[in-house]
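Letters A, B, ... mirror the listed sequences (proteins, then strands); counts begin at 1. Note that the structure is a prediction, hence the values are computed from the model and not measured.
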Number of protein chains: 2
Amino acid sequence: MNYKAPVDDMRFILMDVWEATVQLKQYGFPEDITDNTLLCSILEEAARLAEQVLLPINHTGDEQGAIWADGKVTLPTSFKTAYHLLGQGGWIGLMGDETYGGMQMPKVLSVLVEEMFFASNTALSMYAVLTMGAAYLLERYASDYLKQTYLPALYDGSITATMCLTEAHAGSDLGLIHTKAIPISHDIYAISGEKIFITGGEHNLTDNIIHLVLARLKGAPKGTQGLSLFLVPKFFNRKSKLIKNHVTCASIEKKMGIKASSTCVMVFDAAEGYLIGSLNQGLKTMFSMMNYERLSIALQGLGLGVASYHTALSYAQTRQQGHNTHRNSPSPVSIIEHGDVKRMLLTMKAFNEAGRALACYTALSLDIEKITNQTMSRISILIPLVKAFLTDIGFEVTVLGQQVLGGHGYISEWGQEQHVRDARIAQIYEGTNGIQGIDLLSRKIIGDQGNSLFEWIDHMHCDVMQSSHSKCLPWITQWNLSITELKKRTTDCIQTATSHWVNGHACTYLQVIGYIAYGYMWIKMANTASKKLAMNPEEDVVFLKDKLNTAQFYFESIWPRLYGLFSILEQSSHQVLEAYQPDTLNQSMSQ
Amino acid sequence: MNYKAPVDDMRFILMDVWEATVQLKQYGFPEDITDNTLLCSILEEAARLAEQVLLPINHTGDEQGAIWADGKVTLPTSFKTAYHLLGQGGWIGLMGDETYGGMQMPKVLSVLVEEMFFASNTALSMYAVLTMGAAYLLERYASDYLKQTYLPALYDGSITATMCLTEAHAGSDLGLIHTKAIPISHDIYAISGEKIFITGGEHNLTDNIIHLVLARLKGAPKGTQGLSLFLVPKFFNRKSKLIKNHVTCASIEKKMGIKASSTCVMVFDAAEGYLIGSLNQGLKTMFSMMNYERLSIALQGLGLGVASYHTALSYAQTRQQGHNTHRNSPSPVSIIEHGDVKRMLLTMKAFNEAGRALACYTALSLDIEKITNQTMSRISILIPLVKAFLTDIGFEVTVLGQQVLGGHGYISEWGQEQHVRDARIAQIYEGTNGIQGIDLLSRKIIGDQGNSLFEWIDHMHCDVMQSSHSKCLPWITQWNLSITELKKRTTDCIQTATSHWVNGHACTYLQVIGYIAYGYMWIKMANTASKKLAMNPEEDVVFLKDKLNTAQFYFESIWPRLYGLFSILEQSSHQVLEAYQPDTLNQSMSQ
């Protein structure tokens, strides 16, 4: 595997495109964490860790995987060492409150760090990212006692955390959760039930693990309104002794990828648990971290796409095969000389860099929201969008990166097939991408009469209209046409679409917004590159011209997908999905 | 895994849509093999074998895989039994000459059988399909002695065959092959060299294996013009004794999928080989089977898509989750009630059935060509098209089928992730899909001044204009517009495109033709369904109405992708790919 963290592009996007530190300062973030030099040195340190510690053990993790025996899960020793380094280096507490040992850094920095970690070792990063999410939740909802007990240990890497939502019969539909909670004493409950698909439910990276468990009290309302959230530790403290709680890992799943990330069946048998937040407010409490967590999963898609690009690029530059009719070159030439290989690499690059820009934009919106409470409407659109779009595109990119290597992409040696397998889950977990589409179109757009979306579009539009560099003008024209069309489709949808049509077209609609958002990213990046080139025509010339060229590629070769997507939304009738009924299917299948 | 061979749809496409037996009879195929009842009973027998023998061992094959030790490769015992049944049942000799134990059936029947075999067990099917391809070649080019020696054994399943083309430095570029041939006596040569990625190079399914090896004589022309083809058996006969040849399997590859299909490094150390065809005509001889072999690989993509659809459908019908706002149904409902799930299933179904129709159409063209020598120009277009398009779409379909199952699609239990992994290789081997695109656009279209393409388009157009049923009319209008646009793009391309542009846009161009071809398939199928419904409104109503509904879905929700693809071909400039140069990349990467 060939991964070199693209710190220069990160710096360009963070400082030049979004002027993140300027914005953060303006919104009142403290001086010491809005310093460009500091942020850059953190990025470089993360890059070093990703390239030198996480990457070298990524293939081993895939080969050995997590091994279950007698309720215990064993990971390669190198994983334990690496997780320890993540904790000690302050990476798990990167955004945490300094009272508990955190570094209080903004999410806009964290997303770039997460990108590098996912790129170099997705399986290991999952333990860290879930722990960061749980810590975020505890900071906001847990009692002071729980915070003091667990947050420092979560941040320094000596314990990890899980999210226990799914049960065998309750996946996307959490209202069906059966797990029970019985009150024992003040804020202490006995939790009983079986949870499945629990990432990091059991492992040997740390001595203790805490589980955030959704469960239901007797007599609580049906559905999601009756769920409460509990912290259930693997070991709890009683009179300064660590006592094993009644939590066991019954088995782990055999999966397509992220093999060193244990996916556990967890059995709670009257396990001691502590209430977090209010009774029956468990889902809301759990979802408080969801905006952050879903953005993190978006980074998984992006990171793996970036890793795949680097391997593909390196292979294409060295593999000699065929001749180039264009240059009348003698046979063989590096395969990067072939137009089809360039097309694949440019597609990957165009997607990766736009994805990085959108992830930073989303993270910055989350950071600003923390201070101003003014960007939540935009965030409501952005979160389902980045979760689904960056992971769908990330998967597409890893598949392209595999194709560049031909047969060598299919064997495990080069690691490209692992990238594909590891990327695939990001489209499924933390709410499938279908669920994201429905959340976006049905709840966030139709449920809001389109206001949040239109507001965000206007915001982007104002910004785009200030991007005056000549190279961008034709793209701006195309982009403006697309938002007019998007507004029209959205209004139609709000006024006339049935809920069944909405459900059936939500993913297509999300893709439309995704390509438009990436178009905005490319206009912003191209405009910034043009400005920098005009100001200082000698500096970073290759990098900046490459940006402009990639922007052009995006608008010529990727942007047109929008026309097809718009046409699907325009043409699709209500009857077709209707006419496709289970009974009909049963019959046609058995025929 | 839930697979039930769709024999009714096969019958509909074979007999009603293409009237295959009528056509075959008309072109002079013998009466006894153009009988509908016979063909149907063969399909049913193949379905039984696929469902009852091949399917049950598919997961085991993936789990255990091929195991290499000391030059020997071991497969699960069940694979040996199953391969024996394939041979004894006449399936490997399905299209073979009856002189050697073949059944002389047309390819249009074989593609449907192959679809079922690939759907139920791709890894095992690879041994059979490669053997069928080699037998096809031997029938045409080998000496009578070689034919008598090997064909009956290939057909009855007692030996298998491989194609040995690739070397470490020679994949897509076969001109770089190093393997040497030194003449020993009349038609006997000593073959030395190392071949990689050899499917079925070693295994324990049969006692003997024959290798078709491309090698170069001393003094032969450089490049592909200097390659000759040799049959190199694992054991050869000398004075009625079987003698081990100097062929060894040095190792096998660890792969993403098709794990029970051994992918071998084969070392030939002055191994005894027999010339097939003429000296220096090896590539041409080898490629004589390529049209058949590439069509077979298309069936791999299709078959796995069909298998994935059946599992997804069955899961969606039984999995209860969420409520359906549309029907005001109580929670939970079967997930097939959700619009987004219907969209995924309908997309899979629309692709699978069009793919099946196109595969049969291509096979029928090959069958007719054998007798008339009149359809080769159409075949030259169809082969790269079906190889790339059916495998690209097949992969997309398996990914959708995995998504329908959510988290259950990612774990190995349901088999959906195996379908994805097994399907992925079909886009890579037998000439990557990039190579297919370039073969299509550069050689078969531009190299032919578009004549073959335009002739085929006119042929489809005539046929479409006879599809007069009212339901089809709006689709025919759209389809006609698309061929006008395709002709325009093609003419522009022939007149003005640089070879570099062609190389970089060949895959997009191939996709355009793919969606148009599937459009033709859906018009044909819908028209046939309409006619049948009009003639006999009581028969197969559910099946036929489902066809019409799926056709509508295709034109509403898939067809519009064409608009994007056309726009890419129209907008893409020459400079963008040009500007993306290896050196530039190196620099921007290291930044």
Rounded distance (nearest 0.5 Å) linking atom CZ of A:R561 with atom OG of B:S567:
12.0 Å
Could you tell me whether a side-chain N or O of B:Y410 sits under 3.5 Å from a main-chain N or O of A:G257, the two making a donor and an acceptor?
yes
If we define contacts as heavy-atom pairs under 4.5 Å, which of A:E570, A:Q402, A:E417 has the most with chain B?
A:Q402
Which answer fits A:Q418, side chain, backbone, both or neither, if we ask what part of it has an atom under 4.5 Å from a heavy atom of chain B?
neither
So, B:D173 side chain and A:Q321 main chain: donor-acceptor pair closer than 3.5 Å or not?
no
List in chain and number order the residues that pass ring pair (Phe, Tyr, Trp, His ring centres under 6.0 Å) with A:H505, two or more places apart in sequence or in another chain; answer none if no residue qualifies.
A:W501
Cut-off 4.5 Å, heavy atoms of chain A, and the answer for B:I425 is both
Working to the nearest 0.5 Å, report the span between CD1 of A:I411 and CD1 of B:I252.
12.0 Å
Given side chains that start at C-beta, do those of B:Y580 and A:K349 come closer than 4.5 Å, heavy atoms only?
yes
If we only count heavy atoms from C-beta on, is the A:F197 to B:H408 side-chain gap below 4.5 Å?
yes
B:M256 backbone acceptor or donor facing A:R421 side chain under 3.5 Å
no
Residue from A:G223, A:A170, A:A316 scoring the most non-hydrogen pairs under 4.5 Å with chain B is A:A170
Do B:H500 and A:K342 come close enough that some side-chain heavy atom pair is under 4.5 Å?
yes
Among the options A:I435, A:V576, A:I196, pick out the one with the most heavy-atom pairs lying under 4.5 Å from chain B.
A:V576
List the atom of A:A579, the atom of B:N549, and the distance in Å for their closest heavy-atom pair.
CB-OD1, 3.3 Å
Given that the side chain runs from C-beta out, which part of B:Q416 has a heavy atom under 4.5 Å from chain A: side chain, backbone, both or neither?
neither
Distance, nearest 0.5 Å, that separates CD of B:Q552 from OG of A:S572
9.5 Å
Where does B:I438 contact chain A at under 4.5 Å (heavy atoms): side chain, backbone, both or neither?
side chain
Which residues pass the ring pair (Phe, Tyr, Trp, His ring centres under 6.0 Å) test with B:F553, sequence neighbours left out?
none
Could you check which of A:V399, A:L565, A:L562, A:V341 has the highest count of heavy-atom pairs closer than 4.5 Å to chain B?
A:V399
Counting only non-hydrogen atoms closer than 4.5 Å, does B:A168 touch chain A with its backbone (N, CA, C, O), its side chain (CB onward), both, or neither?
backbone
Return yes if a side-chain donor-acceptor contact under 3.5 Å exists between B:T432 and A:Q403, otherwise no.
no
Partner of B:D340 under side-chain contact (heavy atoms from CB on, under 4.5 Å), picked from A:N433, A:V502, A:T508, A:N503, is A:N503
Only pairs of heavy atoms separated by less than 4.5 Å count here; which of A:R424, A:Q575, A:K545, A:E253 has the most with chain B?
A:R424
Using a cut-off of under 4.5 Å on heavy-atom pairs, state which of B:G171, B:G434, B:G175, B:A506 scores highest against chain A.
B:G171
For B:S573, is it the side chain, the backbone, both, or neither that has a heavy atom closer than 4.5 Å to a heavy atom of chain A?
both
Of the non-hydrogen atoms in B:H169 and A:R319, which two are nearest, and what is the gap between them?
CA-NH1, 4.0 Å
Any idea which of B:F395, B:W559, B:Y429 has the most non-hydrogen atom pairs under 4.5 angstrom with chain A?
B:F395
So, the part of B:F555 with a heavy atom under 4.5 Å from chain A: the answer is backbone
Exercise: identify the closest heavy-atom pair between A:I428 and B:G407
CG2-N, 3.4 Å
